[in-house]
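Below: one structure, written as C-alpha cells.
Every heavy atom of this structure was used, including side-chain atoms; hydrogens, water molecules and symmetry mates were not. Sequential numbering from 1 along the given sequence is applied to the chain's residues.
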Amino acid sequence: MLEHPTLSPARTTIGATGKRLRASLAAIVAGSALATLAACGAPGSGSGSSADVTPTAVNTAVGDTPARLTLFSAAGLQKYEQDLADAFEAKYPKIKVKLRVEADNNYNTVLPRVLASDSAPDLVQPYDLLGGVKDHLLTNLDAYDKAYGWSEKLPSSALAPGRVSVGAIGGGSLYQAGGSAGPLVGVFYNKELAAKVGMKTVPSTVAELEAVMAKAKKQGITPIVASNQDGLIGHLYNLLLGDYLGARKLSDIVYHQPGASLDTPAAVKATETLQKWIKAGYFASDVNAINQEASYGQFTGGKGLFFFQGSWITQTIDKNFKGKYGVFPMPPTVEGGPYAGMTSNTLAFSIAARSKNKDAAALFLDFLTTPEAAKVAVKNGYAALTDDAKSAGKPSLSGTLTEQIQTGYAAIAADNGFDSWLQNAAPEINTKLTQQLQLLVSGKVEPAEMVKTLQTTYADALKSS
C-alpha cells in the first residue's frame, strides 16, 4: 500500500534516494524496523556475537583521536550519507568515514551476515531492529544516550523507533539514534486553487480544513487528489488516526506495545471523518481506479486542491509544478491542539556490536543532532529540526516550500507528535487496510466494522508472532 518497494515484512528495502523520494522514507524504515513480528525474544537473548553489546564505560572525548569508521549503506541514501560523512570529517578531520555501499535490493538480505562477520562495519542504517537486538548484532546505546544527552536534545517520539523492549519497539533501551530529520507527511495544496477558494491562512483545525474543502466542492474543484487503487488514501487516514487517537496511542499500536488497541471510539471517529469526506464527494468518483503515478499527474495538472502526501514527492512533482504548490502539517482536531504526523527514523543509525570504534561511531551519531548535520539533511531534501525552523512560529502559507516543510516538521516535533503508519504494525495490516479503504470508498463497509476488522487482523498477527 505504501509508496515503497517491499522485500519482506521483516526486511523492507531502504533504497529511498533523492531520485526516488516518492518511495516513502517513513514507510521504508518503519516497515523494516517496526513491523518485525518474528523476533519477539527479550533484548539481547538468543545466540550471536560475543561482542560487547552493552558498553558501560564510554568516552565522548574522541574528536581528536585518529580513527576510521565504516558506514554500511544501501545505495539509495548514498549521496546523503556521503555528504554527511564529508561534513563530519570537516568537523573532526582526524576521524575518517568510509562508505561501504550495497545495492538496495540486497542490503537487508546481506546485512545480518555482514554484522556477524569479523569485518563488521561500525555504522548501519536501520533494518530488522528486533532481530538485530535478539541476535546480539547491535550495540545498546543507553550509556551513550546518557553521556551525550540525546533524550534531552530530541523529542521522545523521534527516538521511540530506536527503542527496544521485550517483543516491542518504542520503549526500553536505545539501539538506534541520531535521527532528527525525516520526511514531513502533510497537506500539499495547489496555490492557485487555494487562492480561488479564499484560503488565506493554514486551517487551524480539521473542521476548518473541511470547510475549505466544502468551498472547493461548491466551486466545482475536486477537494482531494488521491490514489486508492494502491490504498494511498491511507496517508490521509493515518493523519486522521494520529489526530483523533493521539500520536502516542497510534505509535503504541504500530510498536506492539502491550494492551494497545485500534478498536476505540477515537479510531471510529477518524474513520467516520474519512467516510464523511468520501460521501461529500471530496474525492474523484473513480479514486479506487487511480494509481500513484496518475495521482501525481492529476495534482500537477491542477485537478484538485489538496494532496495528502509526504515530502518525498517534491523532486517528482517539481519537474512540472515547481513554485505552484505548498504544504502544511495536518491540523489538529481542536484549536491549539497538538500536531501529529507520520515520519521515520530513516536518517538514524545503529552501531554494530562488533564495531571496534564504538566511541567514534557514537560521536558520529551525536553529530547527527547538530546544526551542521541538519543543513546536510535539508540540502538533500529532508525535513530537519533546524534552529530556523524551530523559531519560525506557526505553519503558514508564506515562505518557500523548503521553509514550509521545515516549519511543519518543527511544529510536529514541538508537540512530540511523530508517529508511524498503522500498516507498519504488521504486513497483514498493510494488505487488509488497502482492502478496507477501497470498501469504504465504495460504500461497502461502515467505520465501526472497518476498525473492528483491522483490530482483529492486528491481534491475529500478534498471536502468530
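In this structure the side chain of Lys269 reaches within 4.5 angstrom of the side chain of Glu272, judged on heavy atoms. Using a 4.5 Å heavy-atom cutoff, the side chains of Val202 and Leu397 are in contact. Looking at Ser73 and Gln125, their side chains come closer than 4.5 Å, going by heavy atoms from C-beta outward. Looking at Ile412 and Thr343, their side chains never come closer than 4.5 Å, going by heavy atoms from C-beta outward. Residues Glu102 and Leu111 form no side-chain contact, since every pair of their non-hydrogen atoms from C-beta on lies 4.5 Å or further apart. Residues Leu241 and Leu262 form a side-chain contact, since some pair of their non-hydrogen atoms from C-beta on lies under 4.5 Å apart. A 4.5 Å side-chain heavy-atom check between Tyr409 and Phe418 finds at least one atom pair inside the cut-off. Taking 4.5 Å as the limit, every side-chain heavy atom of Asn238 sits out of range of all side-chain heavy atoms of Phe308.
To the nearest 0.5 Å, atom CG of residue Leu141 and atom OG of residue Ser173 are 9.0 Å apart. Atom CG of Asn430 and atom CD of Glu428 lie 9.5 Å apart (nearest 0.5 Å). Between Lys215 atom NZ and Leu193 atom CG the span is 14.5 Å, to the nearest 0.5 Å. Atoms CG and CG, from Leu84 and Leu368 in turn, are 5.0 Å apart once rounded to the nearest 0.5 Å. Note that CE of Met342 is 4.0 Å distant from CG of Leu239, once rounded to the nearest 0.5 Å. The structure places CD1 of Ile224 at 13.0 Å from OG of Ser295, a figure rounded to the nearest 0.5 Å.
Aromatic ring orientation, Phe367 versus Phe364: tilted (interplanar angle from 30° to 60°). Taking the six-membered ring for Trp and thresholds of 30 and 60 degrees, His256 and Tyr458 have ring planes inclined between 30 and 60 degrees apart. Between Phe328 and Tyr189, the ring-plane angle classifies as tilted under the 30° and 60° cut-offs. The aromatic rings of Phe188 and Tyr325 sit tilted, their planes meeting at an angle between 30° and 60°.
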- Task: Start with the C-alpha distance between Glu208 and Thr205, add both sets of side-chain angles, then the distance that settles side-chain contact (heavy atoms from CB on, under 4.5 Å), and finish with yes or no.
- Result: CA-CA 5 Å; Glu208 285 190 14; Thr205 64; 3.4 Å; yes
- Query: Can Leu159 and Ser151 be said to form a side-chain contact (heavy atoms from CB on, under 4.5 Å), step by step?
  - Reply: CA-CA 8 Å; Leu159 289 174; Ser151 293; 4.0 Å; yes
- Check step by step if side-chain contact (heavy atoms from CB on, under 4.5 Å) holds for Ile351 and Leu123. CA-CA 5 Å; Ile351 297 178; Leu123 296 154; 4.1 Å; yes
- For the pair Gln275 and Glu446, evaluate side chain to side chain donor-acceptor pair (under 3.5 Å) and give the outcome as yes or no after the intermediate values. CA-CA 8 Å; Gln275 183 193 53; Glu446 291 300 314; 3.2 Å; yes
- Message: Using the rule given for side-chain contact (heavy atoms from CB on, under 4.5 Å), can you reason through Leu71 versus Asp122, listing the C-alpha separation, both sets of side-chain angles and the distance that settles it, and then say yes or no?
- Response: CA-CA 6 Å; Leu71 192 162; Asp122 301 288; over 6 Å; no
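Under the ring-ring contact (aromatic ring centres under 6.0 Å, His included) criterion, Tyr237 pairs with no residue at all, not counting sequence neighbours.
Nearest heavy-atom pair across Gly172 and Ser165 is CA-CB, 4.3 Å. When all heavy atoms are compared, the tightest approach of Lys303 to Thr222 is O-CB, 3.4 Å. Nearest heavy-atom pair across Ala411 and Tyr339 is CB-CD1, 3.9 Å. Closest approach of Ala340 to Ala247, counting heavy atoms only: CB-CB, 4.1 Å. The two residues Pro203 and Val212 have their closest heavy-atom pair at CG-CG2, 4.3 Å. In terms of heavy-atom proximity, Val206 sits nearest to Pro331 at CG2-O, 3.5 Å.
Proximity of a side-chain donor or acceptor of Asn228 to a complementary backbone N or O of Val287 within less than 3.5 Å is not detected. In this structure, the side chain of Asp104 engages the main chain of Gly76 through a donor-acceptor pair within 3.5 Å. Gln406 places a side-chain N or O within donor-acceptor distance of the main-chain N or O of Tyr382, the cut-off being under 3.5 Å. Of the possible donor and acceptor atoms, none in the side chain of Asp135 sits under 3.5 Å from a partner among the backbone N and O of Leu137. Judged by distance alone, the side chain of Gln257 and the main-chain N or O of Ile169 form a donor-acceptor pair under 3.5 Å. Thr407 places no side-chain N or O within 3.5 Å of a backbone atom of Gln404 that could act as its donor or acceptor partner. Side-chain N or O atoms of Asn416 include one that pairs as donor or acceptor with a backbone N or O of Ser156 at under 3.5 Å. Side-chain N or O atoms of Asp286 include none that pairs as donor or acceptor with a backbone N or O of Ala289 at under 3.5 Å. A donor-acceptor pair under 3.5 Å links the side-chain atoms of Ser350 to the main chain of Tyr175, judged by distance alone. Proximity of a side-chain donor or acceptor of Ser311 to a complementary backbone N or O of Leu184 within less than 3.5 Å is detected.
None of Phe321, Phe299, Phe283 except one satisfies the ring pair (Phe, Tyr, Trp, His ring centres under 6.0 Å) rule with Phe307; the exception is Phe299. The side-chain contact (heavy atoms from CB on, under 4.5 Å) test with Gln435 is passed by exactly one of Thr431, Leu433, Leu439: Leu439.
For the residue pair Asn291/Tyr296, the side-chain donor-acceptor check at 3.5 Å is not satisfied. Checked by atom type, the side-chain pair Tyr244/Thr273 shows a donor-acceptor distance below 3.5 Å. Under 3.5 Å, the side chains of Ser251 and Asp419 contain no donor-acceptor pair of N or O atoms.
For Arg163 and Asp145, the salt-bridge test passes: some basic side-chain N is under 4.0 Å from an acidic carboxylate O.
Listed by first then second residue, pairs satisfying salt bridge (charged side-chain N to carboxylate O under 4.0 Å, His left out) with a partner in residues 237-259 read Arg248-Asp252, not counting sequence neighbours.
More than 12 heavy atoms of other residues, nucleotides or ligands lie within 6.0 Å of NZ in Lys191, so this atom counts as buried by the packing criterion.
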